[in-house]
Amino acid sequence: MAAATKMDELLVAWLSSDNVYENVLNLIERYRSTAQSGSNGHGGTPSKSGSGSSATSPPSSPSRKSLSNAAVSASGGDSQSQSAGDGDGDGSDEHNHNHHHNSETSPRGVNAIPPFYRRAGTIASNGIKAPPIRRKDSFDAADQSWEGIYTNTDSSDQTQTQIHKNAQTNSNNTTNDGNDDEHIDGAGAGDNGSEGNSNNKPARPIKEQVHAIFSELGKKLEEDDGSDESLFLTMDNFVKITKDICSFPTFFNGPLYKRILYLWNTHLLKSPSQKQIIWNEFQKDAEELAGCLGIDPADEKEEDKNELLEHLDRVITYEIFRWYWGGEMEDYDASERFFRLLKKPFENYVGKDDFLPYMKELLRDHPGLEFLSNHAEFQDKYAITVITRIFYSVNKCHSGRITARQIRRSDLLSAFHQVDEEEDINKVTRYFSYEHFYVLYCRFWELDHDRDYKITREDLLKYGEQCLSHMIVDRIFDASPRPFGYSKDLDGEGDDDAAAAASGENKEDDANGNAADKDAEKKSPKDYLTYEDFIFFMLSEEDKANEISVRYWFTCIDVDGDGMLNNMEMRSFYALQQHRMQQLGHEYIPFEDMLCQMIDMIKPKNEEFIIVEDFLQEECAPVSGALFDALFNLNKYLQFEQRDPFQERQKREDEYESDWDRFACMDYNRLAMEEEAREEDAMEIDWVTVDDEDEDAEDFNLGLGGSSEASILI
């Protein structure tokens, strides 16, 4: 028993996937059941008398399945001695069935261990397409086939098993025949309530659910032949399919409708140029697909375009959706369906621009964002903020490309469902909160004095009342992860600047023949932070208790890039902190004392250096940011040294899920109060100048009322 327990511990330490872990535990449980049944009657040690009687030693704690088998055997009239003595199969049928099942699936008696993952479209040994193995709780109904073939099979097996169990139970009770027949008929009809399970009733096949929706909401084509194929759904009526059948949020309806039509109209085409034309028609995004296919939309002839567009199907019929379900939905679980819909058909990753159609639908339909309908500029800023936050949390390698595996391991799909169901946008703190966007954008706006949407090193030094050292600011610009690399900024000039810097186009020879810059104001991408880069910085700065933030700051502190923080690197950063403490008159804290305190809290495996995994230990999460604050954020380090234990306890017990949520709420309240104070001051000045001339009053008030672009966002 001790060996089995040790094996469980090893498996728990080795396996990180919930699915694999659950399957392995099931195999272990079945193996234990097999070993126990073998020792009791099939492969156990014979007794001293040589007879087939059961062993006299007490058995180990039986599993639930063994207890149920014993109860069935007892109710059927078979004694334990008969079951143990007849090793060739004279025992109960239930016992033989369980023994046969365990011998096939146990680790010792298995012919082939079933895989933990089955690829979509796998053909089984009987020539029928096998159902894909999906994640646990991926769908309410396990069967997602169009015809419901797995649901019908499973429900039939469950019905026969239920009838057999009910017949055994009724045979032991003295009841009338009419009640027995009624109970069996009820079980055969799939009634809920047997054995306390309310989900025994099989789900309707996808085919029947879709047919019901088309019959209810569908319209008939002009060439009506009376069949299901003559019914179609408009984009507005397709919402029920999007939400109930495909399990997507309602604001995915428009992009999903267009994607289905694009795939249907191009599934027989082989020409990239023709696919380009159809993509432009449905997606209205010619430049992106042109980059994917490597062709220029301007090369297409107008006659070919018109001829191709005349024969397009522009509405989704029953036949089109059945084709789409079989190719894009049936064999995939929820996360992979989500990934395949987000990405472009010709790519294997999700890029930044792939989220824009869904953000536009959200901004148009969500009641919590209705007040932004007349402010297109801030709609764009909100969309950029949400998308960047998604890449910050999901794309942990900061490549600017989200893979299917990253989506599967994230909470992105559940966050989209939450924002779809929640009317208060600020309650969705994952990615979509408007208050969080307001805090991020206002902080950026306060630092961007020249309004070019670029933060320089001098601008960033003013962040948080000049709490950062100039050394860490330099490292942020030179080494910190960028969400989308150096390719683009908000104005789309990043590529042009980088190319010009590399080719020397902005240089000319001066009088001495030396190269000189034509435009001194042109900066390298490393000389400024875009709004997206600033979001990465601020999320990492205000919440250092998560893995993404730890890796962000570890990269900045690790100057030599060897993956280890040694004393020399930390001492160089802390020397600036000591100098600032002396200038401001604070108590001087030697480097050795600070480092000893941090080592005691972090408990690294090697005290000679610290690696990123030391920060990611579960017990170190609440204090992982203390070392970073000590090295470059003087204000937070002094707050840490003077912290109140009671306030720290209140933080751990408050309603906020993270330090970022707490900071964003407090900072939003501060910004809102400042905005209200400005409005009150403006109103008082208006009352004082009410008798002045209209032109003078108008010119004077323009300098007070709308001085900040962000004031419109409250």
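Positions are given from 1 along the sequence. Remember, it's a predicted structure, so these values are computed and weren't measured experimentally.
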Can you tell me if Y588 and Q578 form a side-chain donor-acceptor pair at under 3.5 Å? yes
What do the steps show when you test T403 against R408 for side chain to side chain contact (heavy atoms under 4.5 Å, CB included), and what is the final call? CA-CA 9 Å; T403 62; R408 186 182 297 277; over 6 Å; no
Dump the intermediate steps for side chain to side chain contact (heavy atoms under 4.5 Å, CB included) on D560 and N566, then the final yes or no. CA-CA 10 Å; D560 56 6; N566 53 47; 4.0 Å; yes
Could you verify whether a donor N or O on one side chain and an acceptor N or O on the other, from R430 and S414, lie under 3.5 Å apart? yes
Minimum side-chain heavy-atom gap Y431-D411 below 4.5 Å: yes
For residues Q617 and K603, report the shortest heavy-atom separation together with the two atoms involved. NE2-O, 3.4 Å
Y358-F355 aromatic ring centre distance below 6.0 Å: no
Can a donor-acceptor pair be found, under 3.5 Å and without considering hydrogens, that links the side chain of R389 to the backbone of I535? no
Taking the six-membered ring for Trp and the single ring otherwise, decide whether the centroids of F484 and F391 are under 6.0 Å apart. yes
With R551 as the cation and F554 as the aromatic partner, state whether NZ or CZ is under 6.0 Å from the six-membered ring centre and within 45° of the axis. no
Work out which heavy atom in I455 is nearest to a heavy atom in D448; give both atom names and the distance. CD1-N, 3.8 Å
From Q418 CD over to I425 CD1, what is the distance, rounded to the nearest 0.5 angstrom? 9.5 Å
Is it true that a side-chain atom of R643 and a backbone atom of F640 form a donor plus acceptor pair closer than 3.5 Å? yes
Determine whether S433 and V428 make a side-chain contact, defined as any pair of heavy atoms from C-beta on separated by less than 4.5 Å. no
Tell me whether R443 forms a cation-pi arrangement with Y463, defined as NZ or CZ under 6.0 Å from the six-membered ring centre and within 45 degrees of its axis. yes
For the pair I548 and Y392, evaluate side chain to side chain contact (heavy atoms under 4.5 Å, CB included) and give the outcome as yes or no after the intermediate values. CA-CA 8 Å; I548 305 169; Y392 177 82; 3.6 Å; yes
Determine whether the aromatic ring centres of residues F432 and F416 are separated by less than 6.0 angstrom. yes
Just do the salt bridge (Lys or Arg N to Asp or Glu O under 4.0 Å) check on D533 and K526 with the steps written out, would you? CA-CA 11 Å; D533 300 333; K526 283 192 176 184; over 6 Å; no
Are L627 and F615 close enough that some pair of their side-chain heavy atoms sits under 4.5 Å apart? yes
dist W660:CH2 -> E542:CD (nearest 0.5 Å) comes out at 7.0 Å
Between L529 and I476 the two heavy atoms that sit nearest each other are CD1-CG2, 4.2 Å
Between D667 (side chain only) and L671 (backbone N and O only), is there a donor and an acceptor less than 3.5 Å apart? no
Can a salt bridge be assigned to the pair D354 and K343 using a cut-off of 4.0 Å between side-chain N and carboxylate O? no
Distance-only donor-acceptor check, side chains Y349 and N395, under 3.5 Å: no
Is any NZ, NE, NH1 or NH2 atom of the basic residue among R571 and E592 found under 4.0 Å from an Asp or Glu carboxylate oxygen of the other? yes
Between K544 and F628, is NZ or CZ placed under 6.0 angstrom from the six-membered ring centre and within 45° of the ring axis? no
Is it true that F444 and Y531 have ring centroids separated by less than 6.0 Å? yes
Dump the intermediate steps for side chain to side chain contact (heavy atoms under 4.5 Å, CB included) on T456 and D527, then the final yes or no. CA-CA 6 Å; T456 63; D527 291 336; over 6 Å; no
To the nearest 0.5 Å, atom CG of L440 lies from atom OH of Y438 at 12.5 Å
Report, as yes or no, whether the 6.0 Å neighbourhood of atom CE on M666 holds more than 12 heavy atoms from other residues, nucleotides or ligands. no
